[in-house]
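The block underneath contains the structure these notes are about, expressed in structure tokens.
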Amino acid sequence: MDKLPSLDKSIVKITSLDDTEEEKKYWISKTPGERIEAIEINRRMIYGEDRVTSRLQRFFETSELS
């Protein structure tokens, strides 16, 4: 998943926010791997490649117990 897919505007369907049943059926029909891939694509589109591939900063410290 190196390159983000382009948006095919010919198949975009605009519906009401209240119409969740059709969307639920769509995502249930997908495999768990396809669902995670869709989440990853959305994350990259929103935050960009640099923020997605950067690592988390360490914030834990170790201490000796007496």
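For reference, positions follow the sequence shown, starting with 1.
- With sequence neighbours excluded, the residues that form a side-chain contact (heavy atoms from CB on, under 4.5 Å) with Glu21 are Lys25.
- Not counting sequence neighbours, the partners of Glu34 by the side-chain contact (heavy atoms from CB on, under 4.5 Å) test are Lys30, Thr31.
- Scanning for side-chain hydrogen bond (donor to acceptor under 3.5 Å, both in side chains) contacts around Thr20 gives an empty result, with sequence neighbours left out.
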